[in-house]
Amino acid sequence: MVGRVRAAQIQAIFRFTPLTMAVNVATVTVILIALRDVANPFALAAWAILPLALSLLGFNSYLRSRSRMPRTTASLRAFRRATIHAALLALAWGIIPMVWFPRLGAPEQLVVATVATGMICAGGFALATVPPAAMTYVAILAASTMIGVLRSDVAHRVLLGVLLIAYGATVMRSVLGTARLFVDRFRAEADLEERRHVIALLLAEFEENGSDWLFELNESLGIVNPSVRFAQVAGVSDVALDGTSLLELVDEDSSAELLRRVRAGKPFRNLEVAAPGADMTRWWSLSASPMLSETRDILGWRGVGADITDVRRAQSEIAWMARTDILTGLVNRTAFRDRAADVLFASRVSGERVAIGCLDLDYFKSVNDTLGHAAGDVVLREVSQELLRFADEGVIVGRLGGDEFGLLFHGNSTAEKVHALAERMIERLSRSYEIQGSRVTIGATVGIAFGPDDGDSVDELIRNADVALYRGKDTARGTAMRYSALMLRDAEERRTIKDDLLQALRRQEFVLHFQPIIETGSGNTVAFEALVRWQHPTRGLLSPDAFIPIAESSGTIVPLGDWILRESCRQAGKWPAPVKVAVNLSPAQLGSSRLSQVVKDAVLLGGITSDRLELEITEALLLSNDANTLRFLTEMRALGIGVALDDFGTGYSSLNYLTRFPVSKIKIDRSFVSGGASHVHRSAIIQAVTGMSARLGFQTTAEGVESEETLAWVTALGCTQAQGHLFAKAMPSHEIEAYLAAERDREPAAPRAWTVSASDRKERVGVA
Ligand code: C2E
Ligand code: CA
Ligand code: CA
């Protein structure tokens with residue numbers, strides 16, 4: 001820094017060099033003319049050479065300094081050289097007053113005095129930026145002039161001497177001040193320059209490496225001098241961008257917001273604006289401050305922009321994921337709930353009715369169990385696509401979890417319309433789907449709750465739609481069921497039932513009733529089916545439908561099932577052989593590996609031969625195709641225990657798997673025997689089953705036989721056994737002895753012609 005200051009100081013002198021040299025030459029000329037007559041011409045000429053030579057020397061270095069690059073630093077030596085040069089020059093000029101002044105006449109003395117004082121001042125200031133040179137020069141010249149004056153006989157010479165000292169001192173003092181000012185200013189300038197340089201470097205780096213850019217706008221928001229980076233993100237050339245209004249680059253909303261901020265006239269930060277591009281909309285975050293004039297008018301804006309498209313995208317993706325069911329692409333439970341809440345809120349104002357539906361797939365669990373979760377996923381996706389087709393009809397669909405979907409009906413919410421729409425959705429979904437080469441059949445049940453009638457809040461409506469759904473699943477699969485307050489009470493009851501089940505088992509509140517199974521050929525009872533009842537302390541005798549599903553889902557079915565097996569065999573032990581006992585097994589019981597041991601123990605404890613026990617299982621169990629199930633059933637068959645396929649016709653109803661499983665009997669479901677389908681249709685199915693059973697050596701039991709006609713019909717179709725209210729309802733165990741006795745007492749020769757009325761028979765066997 002010191003070197004650079006020195007160089008600038010010397011440079012400053014050079015600026016005046018031509019002028020000072022010209023003044024020197026002019027002054028020499030004046031002196032020569034003025035002293036021409038009074039001084040020795042040779043001495044005068046010899047003197048004149050000195051200042052002229054020095055001037056030439058100075059001019060020469062001036063020319064040299066101009067021809068080459070200006071020096072950025074200067075050594076102390078350069079300073080010394082300048083000082084010597086100044087000293088020599090002062091000596092050269094000092095000779096005139098010192099040597100000639102005393103000898104001159106008044107007019108010449110005036111010239112010399114003027115020249116001397118003028119040279120002191122002019123030289124001093126010309127050299128001011130290099131203080132040593134200036135000081136030396138002023139000191140020498142003032143001293144020699146003073147000597148000359150003192151040596152002369154001019155009046156007041158002492159006073160003049162004093163004046164000279166004062167002038168010299170004053171010049172020196174101001175030289176020092178000027179020099180200091182010069183140095184300070186130079187340092188300040190250098191400092192500023194350096195800072196400017198650093199800032200420029202930083203900014204360049206900022207624009208090159210960062211994703212951000214700087215911008216400047218004029219007062220009407222036209223872009224001023226756009227950077228390359230800004231042009232890049234705007235997708236145009238910087239030339240085209242120059243002068244373009246920032247408002248033209250962003251979309252309408254952003255432009256309105258931007259204008260609002262700008263009009264406020266205050267700095268703003270991180271304003272997110274959308275900039276539509278050729279292929280996609282990009283997002284920028286802008287921060288800017290106004291540039292103010294001295295009168296505080298806004299001259300324009302300066303700020304920083306950042307491209308935050310990726311951040312925004314990531315954010316919206318996260319938001320999307322939080323609200324979407326990834327498997328199906330439908331809105332998830334949270335988002336569905338929020339949408340429903342919005343619609344419900346709006347409906348309060350419009351007074352329109354809103355309905356929420358819960359749709360649950362039927363038989364979906366078997367798909368998952370038999371074909372695996374991947375297949376289940378495929379079904380869920382296909383079902384979602386089917387449901388989405390109803391979006392046009394004002395249905396918003398979401399996945400609530402598992403195989404349960406939420407439906408939000410709005411816009412056309414009369415109960416009839418919603419119901420019809422829901423039924424159409426069910427119809428649409430209920431078909432077979434081809435997955436991994438297998439065909440699976442899916443059904444659906446819907447529960448519906450209307451707002452505001454069935455609930456004030458979304459959560460209440462969803463819960464009530466759910467209640468209706470579960471009621472539907474229990475009683476009317478494949479339909480749309482509207483919620484009623486009664487259902488909620490039932491649902492609550494179910495909850496308390498669940499809590500009470502285990503205790504009931506401990507308190508021995510369960511009882512078994514037995515319903516006879518009759519051989520169609522002989523009319524004789526060949527077996528009793530054990531049907532469990534719950535003698536509830538407050539609610540009376542509960543039917544299995546009220547608690548078995550709950551026991552199954554809560555796991556209580558395992559200990560309860562064990563007890564039923566033991567108790568059934570114990571009762572059968574009291575009956576005359578070969579009357580059998582048929583026991584229903586829940587799929588949940590087969591999950592326990594101890595089951596075969598439980599069965600064997602029960603048979604042993606009951607004191608019956610194993611061929612007098614029959615286990616009733618459902619199709620769903622066979623469908624699960626589980627190796628354990630197969631092993632268990634095979635083992636049972638090997639022991640001579642019968643295996644009946646219960647409720648045949650309600651599920652998949654494929655005759656195909658009958659050949660693959662160790663089954664000994666098929667029970668045709670009540671709905672086929674006395675159900676709603678056409679008679680011809682049912683006949684065909686029953687005949688197909690009995691035909692197949694005959695070939696495979698199975699028994700076929702017709703369930704739900706309530707009339708003589710039905711009995712005659714199923715007998716004719718080939719059913720070997722029948723069960724139903726025509727013969728007897730399920731009875732407590734203590735009635736069995738009498739029932740069997742009555743049957744024995746019946747006229748043995750009487751042909752099996754069911755011509756007697758049902759009431760007669762019931763009277764005869766003593767069963768109500
Ligand atoms: P299920 O195995 O199909 O039992 C036959 C059901 O039909 C019994 O109802 C029986 O009372 C009824 N039923 C019999 N004949 C007729 C008739 O002519 N007309 C009509 N309308 N119904 C008739 P219940 O006892 O209410 O049992 C219902 C279901 O509960 C059973 O259906 C069975 O799936 C289940 N269940 C009953 N007891 C047990 C059990 O001990 N363990 C298991 N796991 N499930 C059981
Ligand atoms: Ca059964
Ligand atoms: Ca059945």
Side-chain angles (χ1 to χ4, degrees), residues 474-475 501 504-505 509-518 525 527-535 541-572 580-592 595 598-599 602 613-621 642-651 663 665-676 699 701-711 713-714 719 721-733 754 758 761-762 767-768:
D474 282 350
T475 60
L501 273 170
L505 194 60
E509 288 172 6
F510 294 103
V511 287
L512 291 182
H513 283 192
F514 296 92
Q515 186 181 34
I517 298 171
I518 275 76
T525 296
F528 286 93
E529 178 178 1
L531 295 163
V532 69
R533 310 277 180 261
W534 179 358
Q535 187 63 62
L541 198 64
L542 295 181
S543 88
D545 291 329
F547 61 89
I548 289 287
I550 303 170
E552 282 176 339
S553 61
S554 65
T556 320
I557 192 68
V558 174
L560 178 60
D562 291 355
W563 176 82
I564 292 169
L565 270 167
R566 282 196 303 272
E567 181 63 11
S568 300
C569 293
R570 195 174 72 86
Q571 293 296 338
K580 299 182 180 188
V581 66
V583 178
N584 292 286
L585 285 188
S586 286
Q589 285 174 268
L590 274 102
S592 148
L595 186 61
V598 174
V599 172
L613 174 63
E614 205 164 58
L615 302 175
E616 297 194 359
I617 58 165
T618 56
E619 282 178 297
L621 197 71
V643 173
L645 187 59
D646 206 352
D647 303 340
F648 188 83
T650 53
V663 175
K665 174 163 145 183
I666 294 168
K667 295 185 81 175
I668 299 171
D669 191 66
R670 213 162 58 227
S671 59
F672 274 85
V673 175
S674 46
Q699 300 282 347
T701 308
E703 289 185 330
V705 175
E706 296 180 357
S707 68
E708 296 290 351
E709 297 79 59
T710 309
L711 176 63
W713 176 58
V714 296
C719 292
Q721 298 180 344
Q723 180 180 3
H725 293 169
L726 172 62
F727 314 105
K729 291 187 173 174
M731 63 191 86
S733 53
W754 298 99
R761 263 193 68 76
K762 275 177 193 151
V767 176

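Remember, it's 1-based here, ligands and their atoms both numbered in the order they're listed.
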Could you tell me, atom by atom, which parts of ligand 1 come under 4.0 Å of a heavy atom of [X]?
X    : answer
D545 : 28 (C), 29 (C), 30 (O)
D647 : 3 (O)
D646 : 2 (O)
E706 : 17 (C), 18 (O), 19 (N), 20 (C), 21 (N)

Could you check whether any heavy atom of [X] sits closer than 4.0 Å to an atom of ligand 1, since that is the contact criterion I want to use?
X    : value
E529 : yes
G704 : yes
Q515 : yes
E552 : no

On a heavy-atom basis, which atom in [X] and which in [Y] lie closest, and how many Å separate them?
X    : Y    : result
N584 : D646 : OD1-OD2, 3.0 Å
F510 : L505 : CE1-N, 3.6 Å
P587 : T618 : CG-OG1, 4.2 Å

message = Between K667 and Q699, do the side chains contain a donor N or O and an acceptor N or O under 3.5 Å apart?
response = no
task = Could you point out which residue of H513, Q723, Q515 forms a side-chain hydrogen bond (donor to acceptor under 3.5 Å, both in side chains) with E529?
result = Q723
Sidechain-backbone polar pair: Q571 side chain, S568 backbone, donor-acceptor under 3.5 Å = no
Backbone of E706 reached by a side-chain donor or acceptor of T710 within 3.5 Å = no
request  = Could you check whether the rings of F514 and F528 sit parallel, tilted or perpendicular, using 30° and 60° as the cut-offs?
outcome  = perpendicular
ask   = Between CG of L585 and CD of E616, what distance do you get to the nearest 0.5 Å?
value = 9.0 Å
Part of [X] within contact of ligand 1 (heavy atoms, under 4.0 Å):
X    : result
V705 : backbone
L726 : neither
E703 : side chain
A730 : neither
I564 : side chain

message = Please enumerate all residues that pass ring pair (Phe, Tyr, Trp, His ring centres under 6.0 Å) together with W713, with sequence neighbours excluded.
response = H679
request  = Using distance alone, determine whether R670 and ligand 1 share an N or O pair under 3.5 Å.
outcome  = yes
request  = Could you tell me whether some N/O pair between R533 and ligand 1 is separated by less than 3.5 angstrom?
outcome  = yes
key: Minimum non-hydrogen distance to atom 36 (N) of ligand 1, winning option of S543, P544, G724, P516   = P544
query = atom 42 (N) of ligand 1: which of N584, I617, V532 has the nearest heavy atom?
reply = N584
key: the Ca ion (ligand 2) to nearest N/O/S of D646 less than 3.0 Å   = yes
ask   = To the nearest 10°, how many degrees is the angle E529 OE2 to the Ca ion (ligand 2) to E616 OE1?
value = 90°
message = Would you say that D647 contacts E703 through its side chain, given a criterion of any heavy-atom pair below 4.5 Å between the two side chains?
response = yes
query = Does the side chain of V511 reach to within under 4.5 Å of the side chain of W534, using non-hydrogen atoms?
reply = no
